[in-house]
There are 2 protein chains.
Amino acid sequence: MNSLSNPSSASEPLFYRKVKRILISEIASGVLTPGVKFPNEKALALRFGVSIGTLRRAVEELVAENILVRYQGRGTFVRNLDQERFLFQFFKLADRSGKFEYPSVTLVSFECAAATNEEAKALGLSGDAKVFRIENVLSLNGQATVHDRITIDAQLFDGLTREQLEMRSGTIYELYQRDFGITVAGANERLRAENADSRSADLLGLEAGTSVMRIERVAYTVENLPCEWRISMVDTRQVEYVSRSSRE
Amino acid sequence: MNSLSNPSSASEPLFYRKVKRILISEIASGVLTPGVKFPNEKALALRFGVSIGTLRRAVEELVAENILVRYQGRGTFVRNLDQERFLFQFFKLADRSGKFEYPSVTLVSFECAAATNEEAKALGLSGDAKVFRIENVLSLNGQATVHDRITIDAQLFDGLTREQLEMRSGTIYELYQRDFGITVAGANERLRAENADSRSADLLGLEAGTSVMRIERVAYTVENLPCEWRISMVDTRQVEYVSRSSRE
DNA sequence: AAGTGGTCTAGACCACTTG
DNA sequence: AAGTGGTCTAGACCACTTT
């Protein structure tokens, strides 16, 4: 009766894990996107040959991971990586009053080059891969506050142009999703305090050697593959990095 | 048939929310502790007059919040705030190789005094409350790395002594739980880069003005009440603050 | 009115741990 | 063997949104 094979046998994955994995691969491949009508629970359960309860469990985990959203009475949707979600999930800088606001972004430089060892390692690329390097300055309340150095796989983002970056509406993660079908679903970050290098100091209007926060981030797709490496230098006189731990 | 009133009426909370709240209050009040046998699911469901599925939902949320742990075949337990959990949930500093290790702690100062406005505000205390102030230095691999200034409500931790702090085994959060019945369940942190003040520089063996990371943390109990305010100054030449975002 | 997700039930059967 | 949690089923009924 089930279209999935029996999970009780030793190494078989569980039903809800299987369902989840299939949903993830369909999101990654673009079969399911924010623009496409998502099947309702009964239809999905029928399709996978599982009960609604089991289907719900898979969906619930994807909701918890911010990949899907459900609205009672309306339906289930692939979550759009819009500005609101970006601020909520990936932008951890708040001003001293605790308010998160989307910064204005200025592209400083854009190039395509061979990956350094460090870049190749962070992104899981082979040694001779090509990468795009994007350098941005983010301003909050008119004050240059963050200096971003972004590295992405040139093959994954094939055809990306400077104009695309400059002319985009919304965040760079929306651009990844809309123009390249790559949905950023998570990120790991490592932070330390440093003295500003001359480049960052220059772009942020600081004296060289001023204390700044360095954030190194690797972003991951829904399939948990690294897709972006980023180093941010932050002038924390106006903003703070906010981290919330495990309570809703 | 149910011992909980019907949740379908307008303002009534849901069954599983009710069950969860009752479990939280029993953990906070010490009826359920790491040392007490936790009733099995069937018994709990019967006691609350709900089905096992509903009981499980409440327990699952508490497991997700790291307050309970379940082991198949063994049972459900109030999670012990031991060193392992502390490292996993609250200690975000890893060395450059990404390894988390518990530091050695040295008590530098201990006092009881009237709360400053800042302290009273952070802990939700009245203006004339008394607080304990604890100052620690944390060393990793023999290197003084973190300077902690901790403030806690003197009434909540009534009777705390310097000897208790110096003689404790395990983390200070274990002491809160074991000796005062206060289980830390979550924390919010705000980070910025600063120049070391003379006190921190002195304790960490740095030149005054060296770039350090300042972490301001408010810790919360299982009932979501603030119970500790802490400012940490971190020498990030050896360690980094690690933040993981929303993937299992 | 019809369709969606949200909550809840009352089981069955399995996997794991303990005595 | 007995007891525990883990997965899964096949519904019922409710709340909300859309048509």
Send over the distance from [X] [atom1] to [N] [atom2], rounded to a whole Å.
X	N	atom1	atom2	answer
Phe15(B)	dA12(D)	CZ	P	19 Å
Phe48(B)	dT7(C)	CZ	P	19 Å
Leu55(A)	dT7(D)	CG	C1'	15 Å

N/O contacts under 3.5 Å, protein versus nucleotides 2-6 of chain D?
from, atom 1, to, atom 2, distance (Å)
dG3(D), N2, Gly73(B), O, 3.0
dT4(D), OP1, Asn40(B), ND2, 2.6
dT4(D), OP2, Asn40(B), ND2, 3.0
dT4(D), O2, Gly73(B), N, 3.2
dG5(D), OP1, Thr76(B), OG1, 3.2
dG5(D), OP2, Glu41(B), N, 2.9
dG5(D), N2, Gln72(B), NE2, 2.8
dG6(D), OP2, Arg56(B), NH1, 3.2
dG6(D), OP2, Arg56(B), NH2, 3.0
dG6(D), OP2, Arg70(B), NE, 3.1
dG6(D), OP2, Arg70(B), NH1, 3.4
dG6(D), O4', Gln72(B), NE2, 3.4

Mind checking what makes side-chain hydrogen bond (donor to acceptor under 3.5 Å, both in side chains) contact with [X], not counting sequence neighbours?
X	value
Ser97(B)	Asp95(B)
Arg79(B)	Asn66(B)
Arg178(B)	none
Thr76(B)	none

Nearest-0.5 Å distance, CZ of residue Arg230(B) to CD1 of residue Ile215(B): 9.5 Å
Name the orientation class of the two ring planes belonging to Tyr102(B) and Phe86(B) (parallel below 30°, tilted from 30 to 60°, perpendicular beyond 60°). perpendicular
Give the dot-bracket string for DNA chain D, reading 5' to 3', where a pair is Watson-Crick or G-U wobble with both distances under 3.5 Å, ( ) marks pairs inside the strand, [ ] marks pairs crossing earlier ones, | marks a partner on another strand, and . marks unpaired. ||||||||||||||||||.
Would you find more than 12 non-hydrogen atoms of other residues, nucleotides or ligands less than 6.0 Å from Phe88(A) atom CZ?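 Count not over threshold, so no.
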Given Lys20(A), which of Glu60(A), Glu26(A), Glu223(A), Glu65(A) fulfils the salt bridge (Lys or Arg N to Asp or Glu O under 4.0 Å) condition? Glu65(A)
Give a yes/no on whether any side-chain N or O of Ser51(B) is located under 4.0 angstrom from OP1 or OP2 of dG11(C).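 So the side chain of Ser51(B) is outside the cut-off, no N or O lying under 4.0 Å from OP1 or OP2 of dG11(C).
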